[in-house]
Amino acid sequence: MDVGQMQRQWIDYAKSLFLEGFLDGQFLQLQQLQDDNNPDFVVEVVSLFFEDSERLLKDLTFALDQNGVDFKKVDAHVHQLKGSSSSIGAQRVKNACIAFRNFCEEQNTDACLRCLQQVKQEYCLVKNKLETLFRLEQQIVAAGGSIPTELSFSG
C-alpha cells in the first residue's frame, strides 16, 4: 500500500470515529496542538488518559464492591473520568459518565454497577479505536508520509 492509500485509509478511519460518536471536536483541538516540535503530543496525552482511566475504573470497581458504598467517592471518581474523557474528546465515555453520575446522586447501587459496565465497554471501544488510529499513523510515518492534518466531513 502506498502512502497516499494509507493517508486515505487514516482519513476514512478517523472520520468514522467522529461519525460513530466515539470522538468529538475536542480531539480535533488536541490534534491542532501537535506540531513538528511535539510530534507525539496526541499519543502522549491519550496515553495519559488510558493510564488514568484504567486506575479510575479499578477504583470504581473496588468502591462499588464494598458493603456500604461511599457514593461521594464513587461520584468523585466518575467526575474525574468524565473530565479526562472530555479533555481528549472521548464523547461516548463522557456521556456514559453523565448517566453514571445521576445514579450516584440517587445512590442506586444496581444502576451504578450497570453504568460501570457501560463505561468500561465504551472505554475499551475507544481505546481500541484510538490504538488502531495511532498504528495507522505509525505506518504512514514509517513509509515516509505525513499525517493528514485536516479532516473534512463534506462527503
Side-chain angles (χ1 to χ4, degrees), residues 8-35 38-140 147-155:
R8 282 189 294 283
Q9 182 183 13
W10 182 91
I11 289 169
D12 290 344
Y13 189 74
K15 277 186 187 180
S16 75
L17 298 182
F18 289 92
L19 297 174
E20 294 169 26
F22 287 104
L23 299 176
D24 64 22
Q26 185 61 35
F27 188 78
L28 292 175
Q29 290 183 1
L30 265 186
Q31 286 184 311
Q32 289 170 353
L33 296 173
Q34 183 165 292
D35 58 23
N38 200 352
D40 298 324
F41 179 74
V42 175
V43 172
E44 288 168 8
V45 170
V46 170
S47 295
L48 290 172
F49 165 71
F50 291 159
E51 289 171 23
D52 201 36
S53 297
E54 304 273 343
R55 178 185 54 78
L56 288 167
L57 289 170
K58 278 185 193 137
D59 291 347
L60 279 165
T61 302
F62 180 79
L64 285 169
D65 201 31
Q66 302 306 301
N67 279 335
V69 174
D70 181 347
F71 286 97
K72 278 191 173 27
K73 184 182 279 186
V74 172
D75 185 61
H77 292 320
V78 176
H79 181 70
Q80 198 175 348
L81 183 58
K82 179 180 151 253
S84 60
S85 59
S86 179
S87 72
I88 69 142
Q91 181 171 253
R92 284 169 47 166
V93 175
K94 177 188 75 177
N95 290 343
C97 287
I98 291 169
F100 198 156
R101 290 195 73 197
N102 291 334
F103 290 118
C104 285
E105 284 179 31
E106 294 173 15
Q107 300 197 355
N108 184 332
T109 304
D110 290 339
C112 283
L113 286 167
R114 284 193 304 276
C115 282
L116 176 60
Q117 292 312 309
Q118 179 71 29
V119 168
K120 283 181 176 179
Q121 182 180 345
E122 292 298 345
Y123 167 73
C124 287
L125 285 169
V126 79
K127 183 176 189 218
N128 289 334
K129 302 270 184 191
L130 286 169
E131 286 174 341
T132 299
L133 187 71
F134 296 151
R135 265 195 307 281
L136 289 170
E137 289 179 5
Q138 288 172 339
Q139 292 168 0
I140 291 169
I147 310 305
T149 53
E150 292 298 315
L151 278 180
S152 159
F153 290 94
S154 58

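Residue numbers count from 1 along this sequence.
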Heavy atoms, side chains only, cut-off 4.5 Å: are Val74 and Leu116 in contact? no
Once rounded to the nearest 0.5 Å, what's the spacing between atom OH of Tyr13 and atom OG1 of Thr132? 4.0 Å
Counterpart residues, salt bridge (charged side-chain N to carboxylate O under 4.0 Å, His left out), relative to Glu106 (two or more places apart): none
Find the distance between CG (Asp65) and OG1 (Thr109) and round it off to the nearest 0.5 Å. 11.0 Å
Without swapping roles, check the side chain of Asn38 against the backbone of Gln34 for a donor-acceptor pair under 3.5 Å. no
Closest heavy-atom pair and its distance - Gly21, Gln91: O-NE2, 3.3 Å
Salt-bridge contact Glu131-Lys127 (side-chain N to carboxylate O under 4.0 Å): yes
Separation between CG (Leu81) and CZ (Arg101), nearest 0.5 Å, reads 11.0 Å
Value for CG (Leu33) from CG (Leu28), rounded to nearest 0.5 Å, stands at 11.5 Å
Interatomic distance, Lys82 atom NZ to Ser86 atom OG [nearest 0.5 angstrom]: 7.0 Å
For Glu122, all residues meeting salt bridge (charged side-chain N to carboxylate O under 4.0 Å, His left out), sequence neighbours excluded: Arg92
How close do Leu30 and Ile88 get, counting heavy atoms only, and between which atoms? CD1-CA, 3.8 Å
What pair of heavy atoms forms the shortest contact from Phe18 to Leu23, and how long is it? CD2-O, 3.5 Å
Tell me, do Val126 and Leu17 make a side-chain contact under 4.5 Å, heavy atoms counted? no
Less than 4.5 Å apart, side chain to side chain, heavy atoms only: is that true for Leu133 and Phe27? yes
Are more than 12 heavy atoms, taken from residues, nucleotides or ligands other than Phe62, located less than 6.0 Å from that residue's CZ atom? no
Do Phe100 and Leu60 have side-chain heavy atoms sitting under 4.5 Å apart? yes
Which pairs would a plain distance check flag for residues 42-52, meaning a side-chain donor or acceptor within less than 3.5 Å of a matching protein atom at least two apart in sequence or in another chain?
{"unit_1": "Ser47", "atom_1": "OG", "unit_2": "Val43", "atom_2": "O", "d": "2.7"}
{"unit_1": "Asp52", "atom_1": "OD1", "unit_2": "Arg55", "atom_2": "NH2", "d": "2.5"}

Smallest separation among heavy atoms of Thr61 and Leu57, with atom names: OG1-O, 2.8 Å
Does the side chain of Phe22 reach to within under 4.5 Å of the side chain of Leu130, using non-hydrogen atoms? no
Minimum-distance pair of heavy atoms, taken over all atoms of Cys97 and Val119: N-CG2, 4.1 Å
CA sep, side-chain torsions, deciding dist, call: Asp24, Lys94, side chain to side chain contact (heavy atoms under 4.5 Å, CB included): CA-CA 10 Å; Asp24 64 22; Lys94 177 188 75 177; 3.8 Å; yes
Cys104 SG to Lys72 NZ distance, which is reported to the nearest 0.5 Å: 11.0 Å
